[in-house]
Amino acid sequence: MKMIMAIVSGDDSSAVSAALTKARFSVTKLATTGGFLMSGNTTFLIGVNDDQVNEVIETIAKHSKKRKQMIPSNNSFDVGMYSAFPVEVTVGGATVFVMNVERFEKV
């Protein structure tokens, strides 16, 4: 048995959740915040049998898309002046961890 922990952009959360539920996977959703952009994410916890891991990852990948976003970048000019230059960054997609489960019980 495996525990899949997937961190997904808040923009893709609903689509990923709906797709996983439609595929009959039990999903726990946690509201989380990313450290880099301080933007909303959703962390999904999905317990599955070993042979279902690829199906879950494919479902997540299909419904969580990377995209470009402009964000302000605060730069200092060493004279106490700051300027905000927009910087293009890639956001979205998913970060997925697959962990072994030593024991599972439903009580």
Side-chain angles (χ1 to χ4, degrees):
M1 178 160 232
K2 303 290 186 193
M3 171 63 70
I4 300 172
M5 181 172 59
I7 304 165
V8 176
S9 168
D11 295 338
D12 299 324
S13 173
S14 294
V16 170
S17 180
L20 289 169
T21 302
K22 183 176 181 182
R24 299 207 178 271
F25 292 110
S26 296
V27 179
T28 298
K29 291 174 34 173
L30 305 171
T32 53
T33 302
F36 177 61
L37 296 175
M38 300 304 289
S39 61
N41 295 319
T42 299
T43 299
F44 292 94
L45 301 176
I46 310 128
V48 296
N49 292 322
D50 292 7
D51 61 337
Q52 296 174 304
V53 170
N54 288 334
E55 183 182 354
V56 170
I57 292 174
E58 289 168 5
T59 302
I60 293 168
K62 182 178 179 181
H63 294 89
S64 56
K65 304 296 181 201
K66 289 185 179 181
R67 53 196 155 276
K68 302 287 185 181
Q69 179 177 328
M70 298 298 285
I71 62 163
S73 171
N74 294 327
N75 293 323
S76 170
F77 294 108
D78 294 332
V79 290
M81 296 175 54
Y82 290 89
S83 177
F85 293 103
V87 176
E88 186 176 70
V89 296
T90 302
V91 297
T95 302
V96 180
F97 300 91
V98 179
M99 299 161 276
N100 290 321
V101 175
E102 285 186 33
R103 183 174 173 174
F104 168 74
E105 292 184 36
K106 264 191 167 180
V107 293

Rounded to the nearest 0.5 Å, the CE atom of Met1 sits from the CG atom of Asp51 at a distance of 10.5 Å
Under a single-linkage definition using a 4.5 Å side-chain heavy-atom cutoff for Ile, Leu, Val, Met, Phe, Trp and Tyr, are Val101 and Val98 assigned to the same hydrophobic cluster?
no
Joint hydrophobic cluster, Leu30 plus Met3, side-chain heavy atoms closer than 4.5 Å
yes
Met99 and Phe104: same hydrophobic cluster, using ILVMFWY side-chain contacts below 4.5 Å?
yes
Membership question, hydrophobic clusters at under 4.5 Å side-chain separation (ILVMFWY): are Phe97 and Leu45 in the same one?
yes
Asn41 side-chain N/O to Thr33 backbone N/O, donor-acceptor pair under 3.5 Å:
no
Exercise: identify the closest heavy-atom pair between Glu55 and Ala23:
OE2-CB, 4.3 Å
What is the distance from atom NZ of Lys62 to atom OG of Ser64, rounded to the nearest 0.5 Å?
12.0 Å
Treating Thr21 as the side-chain partner and Ser17 as the backbone partner, does any N or O pair qualify as donor plus acceptor under 3.5 Å?
yes
Beyond-backbone contact of Thr42 with Val16, side-chain heavy atoms, under 4.5 angstrom:
no
Any side-chain heavy atom of Lys2 sitting closer than 4.5 Å to one from Asn100?
yes
By the definition side chain to side chain contact (heavy atoms under 4.5 Å, CB included), identify the one residue from Val8, Val56, Ile60, Val96 that meets it with Phe44.
Val8
To the nearest 0.5 Å, what is the distance between CD1 on Ile57 and CD1 on Ile4?
5.5 Å
Find out whether Asp12 and His63 are in side-chain contact, i.e. whether some heavy atom of one side chain is under 4.5 Å from a heavy atom of the other.
no
